[in-house]
Number of protein chains: 2
Amino acid sequence: MFEIAQLAGVSESTVSRALSGSPLVNENTRNRILKIARSANYTVNINARNLRQKRTRTIEVLIPLAEYGRQHMSDPFYLDMLGVLADALSERHYDMLLTKRAPWAKGVETNSIQCGRADGIIIMGQGQDLEALRNFTDLYPQVVVWGGHLREDDYIVVGTDNVAGGKLATEHLMKLGRKRIAFLGDPAEPEIALRQQGYRKAFLDNGIAVDESLIFSAPFDAREARASAEKMLQSGVSFDAIFCASDVIAMSAITTLRNAGLDVPRDVAIVGYDDILIANSFGPSLTTVSQRIQEGGKTMVELLLQRIEGKSVDTTLLPVELVVRESCGAP
Amino acid sequence: MFEIAQLAGVSESTVSRALSGSPLVNENTRNRILKIARSANYTVNINARNLRQKRTRTIEVLIPLAEYGRQHMSDPFYLDMLGVLADALSERHYDMLLTKRAPWAKGVETNSIQCGRADGIIIMGQGQDLEALRNFTDLYPQVVVWGGHLREDDYIVVGTDNVAGGKLATEHLMKLGRKRIAFLGDPAEPEIALRQQGYRKAFLDNGIAVDESLIFSAPFDAREARASAEKMLQSGVSFDAIFCASDVIAMSAITTLRNAGLDVPRDVAIVGYDDILIANSFGPSLTTVSQRIQEGGKTMVELLLQRIEGKSVDTTLLPVELVVRESCGAP
DNA sequence: TGCGGGCCTGCAATGGATTTCATCACTCAC
DNA sequence: GTGAGTGATGAAATCCATTGCAGGCCCGCA
């Protein structure tokens, strides 16, 4: 920067101001400096700037990513969300640091906010350890969490109204005349538990008793969705519809049922949750509860940046909506 | 850090050395300092460190991510790769900066290497503008590219032997006795072009003329794969097998064919490319050419770090292998 | 002529760690 | 007893940009 200052015949202060678009510098001076900087192929050093300004314009995003060792598949939902977040952040000139491990995990001695690597964190999903999350957000409030709305958590949560979503999906199947509607999903994940709650609510509100044998909620995640669907079949329990807690689960279920010679949706109707893009691309396409990924991602970024600026911010509950994607899935 | 030094009764130099694990500091002193630092909840400021050391222990990863505006879907292949990269990088104590836009794109005035944000860049896919990529890597050699092996490019490329892979896939279909094997994929992407080359080679090497009407290579990408498969059907060209340039395309094709009442693989056998995890989870599962995502991701990280350390490094060609995932797809 | 402002610009302090070089206390060998 | 060698620590320079404050200049107005 000193050299640029020399070339332009001004001080470093002026160069700095010119490059950062400060209104304190004269129009002509600025243009001259900009031209010189460009021709010298000069860029300000981000680290020096971060150090001085005590902020990094970087947001950490925490995502459960595929684990190849154990052949664990991560849900394409995250890929969609990542795309939206990348757009929303870059629009506001923020960078995105991607991480798999939670800052409170064992072996992680510090976190990116504390050590000045990021200004805030977006956490995708509450995960299983709700208390660790709560402790962390108590210490570092510059956090937004995607997930379900549990009691009075004091961190900012963005996500759909999972109970309403679960109810919506289930009632949709009821309206189709389905009598034995099963639930498939792992309630260890808070969001899924809420969706299951919505499923139950649909029955209760319609004066029907919940048949517990129809709730398949043994612990599993997407990677085992297919196996679980097979277990459903083998269990001998009869059903004519399934509310699947995610689109990936729904797609697995459809495949499994079809392989078993069943007709979807004639024999068994399916509804999913998420509305991920890939579900459109091959099918059969789904009726699904939209997670409003676009809206949700943008909202998370907005709220986080507001909180970073010190504004007080409230948790956001996104309204749910049932969408039908293309033709051949459940009607 | 000054405060920690005070508490421990030593100088800042010593604290710094103790915290960074320098052998120059006495065992006892180190432990004392570590204990104090922990109890004071102190962490070194990353930006100051980066500034001083002129390196960030951060790698930028460039990925074509989903674009919701135009409903563009990004291939789950990238999600798998992201997981592997995240592991490989964190194992070596590197962070991952995720970006959608190429540093040479319009409106991007600088790049992360130049401004000190990252030590190197991993670029997923050569994309369409080969020259821009070449110019960029000429200026900044700390780059590894995932993609196809084109002539004598001087940047480091990691990827499977796409020609061999294409040939392998095609010959597999030939061995199954298929006579009219189609190709589906967009050769605008260099990797795909090479796979198509392999497809042609399979015919030539077996003394069969290539039927150009079987090559469906109109420009499109994964988002339109389904539409393209439909066009194939409507074209009236008869075929009894398809070599699809990616698993996503293959899955779309399978769906489309089945919706049209065809039996896969009896009427039409399918082979894909990538071996993505999600393909196992719902199906029908695929015969596919493995991209060795795990191996490839690790290799990219290794080579990049070596180059950053100044070692001279060579492009790596991963051998191809045909894998069959589960039961119900093409045999 | 003198004074209050407005507009630019420069000086110098600042942010927080790393690292070179010097120092100092000791030991050991000759 | 002296010099070399070793191990641990500290002082101070360095990385590079930002910013509060002070100052210079010009203008208008009294």
Side-chain angles (χ1 to χ4, degrees), chain A residues 1-38 40-58 93 95 109-119, chain B residues 1-38 40-58 93 95 109-119:
Chain A
M1 175 168 277
F2 177 73
E3 293 173 25
I4 303 295
Q6 295 266 304
L7 288 172
V10 294
S11 72
E12 294 181 51
S13 324
T14 308
V15 174
S16 170
R17 282 191 270 257
L19 261 42
S20 65
S22 156
L24 284 170
V25 67
N26 183 290
E27 193 63 26
N28 300 326
T29 320
R30 148 169 309 121
N31 289 334
R32 188 157 43 88
I33 294 175
L34 284 181
K35 199 177 292 176
I36 292 172
R38 225 185 311 270
N41 199 24
Y42 167 84
T43 325
V44 297
N45 181 305
I46 290 281
N47 297 306
R49 161 181 286 177
N50 289 348
L51 173 59
R52 183 65 229 248
Q53 296 193 150
K54 296 190 163 194
R55 69 179 213 153
T56 59
R57 283 202 157 270
T58 301
H93 307 289
D95 284 333
E109 58 307 292
T110 185
N111 69 75
S112 46
I113 295 178
Q114 155 118 338
C115 74
R117 196 186 270 305
D119 298 337
Chain B
M1 175 167 278
F2 176 73
E3 293 174 25
I4 302 294
Q6 294 267 305
L7 288 172
V10 295
S11 72
E12 294 180 53
S13 322
T14 307
V15 175
S16 171
R17 282 192 269 256
L19 261 42
S20 66
S22 157
L24 284 170
V25 67
N26 183 290
E27 193 65 25
N28 299 326
T29 321
R30 149 167 308 120
N31 290 333
R32 188 155 44 88
I33 294 175
L34 283 180
K35 200 177 292 174
I36 292 173
R38 225 184 313 270
N41 198 24
Y42 167 84
T43 326
V44 297
N45 181 304
I46 291 282
N47 297 306
R49 160 180 288 176
N50 290 349
L51 174 58
R52 182 61 229 243
Q53 295 192 149
K54 296 189 164 196
R55 68 176 211 158
T56 59
R57 283 203 158 269
T58 301
H93 307 290
D95 284 334
E109 58 307 290
T110 185
N111 69 75
S112 46
I113 295 178
Q114 154 118 337
C115 73
R117 197 187 269 305
D119 298 337

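Protein chains get the first letters and strands the later ones, always in sequence-line order, with residue 1 at the start of each.
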S.K.: Working to the nearest 0.5 angstrom, can you tell me the gap between A/T29 OG1 and A/L34 CG?
M.R.: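 It comes to 10.5 Å.
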S.K.: Dump the pairs, protein N or O against N or O of nucleotides 8-15 of chain D, anything under 3.5 Å, distances to one decimal.
M.R.:
unit_1, atom_1, unit_2, atom_2, d
D/dT9, OP1, B/T29, OG1, 2.9
D/dT9, OP2, B/N26, N, 3.1
D/dG10, OP2, B/S11, N, 2.7
D/dG10, OP2, B/S11, OG, 3.0
D/dG10, OP2, B/T14, OG1, 2.7
D/dG10, N7, B/R17, NH2, 2.9
D/dG10, O6, B/R17, NH2, 3.2
D/dA11, N7, B/S13, OG, 3.4
D/dA11, N6, B/S13, OG, 3.0
D/dT14, O2, B/R52, NH1, 2.5

S.K.: Could you measure the distance from the CG atom of A/D119 to the NZ atom of A/K54? Nearest 0.5 Å is fine.
M.R.: 13.0 Å
S.K.: Considering residues at least two apart in sequence or located in another chain, which fulfil the side chain to side chain donor-acceptor pair (under 3.5 Å) criterion with B/D95?
M.R.: A/R117
S.K.: Does D/dA17 have OP1 or OP2 sitting under 4.0 Å from an N or O in the side chain of A/Y42?
M.R.: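 Yes, such a contact exists.
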S.K.: Can you tell me how far apart CG (A/N50) and OG1 (A/T58) are? Round to the nearest 0.5 Å.
M.R.: 6.5 Å
S.K.: How many angstroms lie between OH in B/Y42 and OG1 in A/T110, if you round to the nearest 0.5 Å?
M.R.: 10.5 Å
S.K.: Do B/Q114 and A/N41 make a side-chain contact, defined as non-hydrogen atoms from C-beta onward lying under 4.5 Å apart?
M.R.: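 Answer yes - side chains close enough.
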S.K.: Estimate the overall bend of the helix from C/dT1-D/dA30 to C/dC30-D/dG1 from the end axes over five pairs each, rounded to 10 degrees.
M.R.: 50°
S.K.: Which is the 5'-most and which the 3'-most nucleotide of DNA chain C that has an atom under 4.0 Å from a heavy atom of chain B?
M.R.: C/dG16 to C/dT20
S.K.: Just distance, no hydrogens or angles: give the donor-acceptor pairs under 3.5 Å from side chains in residues 19-26 of chain A, sequence neighbours left out.
M.R.:
unit_1, atom_1, unit_2, atom_2, d
A/S20, OG, A/S16, O, 3.1
A/S20, OG, A/R17, O, 3.4
A/S22, OG, A/L24, N, 3.0
A/N26, OD1, A/N28, N, 2.7

S.K.: With side chains defined as the heavy atoms from C-beta onward, is the minimum distance between A/K35 and A/N31 less than 4.5 Å?
M.R.: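 Counting from C-beta outward, A/K35 and A/N31 never come under 4.5 Å.
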S.K.: Quick check against the 3.5 Å criterion: does B/N47 have a side-chain atom that pairs as donor or acceptor with the backbone of A/N47?
M.R.: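 Flag not set: sc B/N47 to bb A/N47 has no pair under 3.5 Å.
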S.K.: According to side-chain contact (heavy atoms from CB on, under 4.5 Å), who are the partners of A/A8, at least two apart in sequence or on a separate chain?
M.R.: A/V10, A/R32, A/I33, A/I36
S.K.: By the 4.0 Å heavy-atom rule, please label B/S22 as base, sugar-phosphate, or nothing.
M.R.: nothing
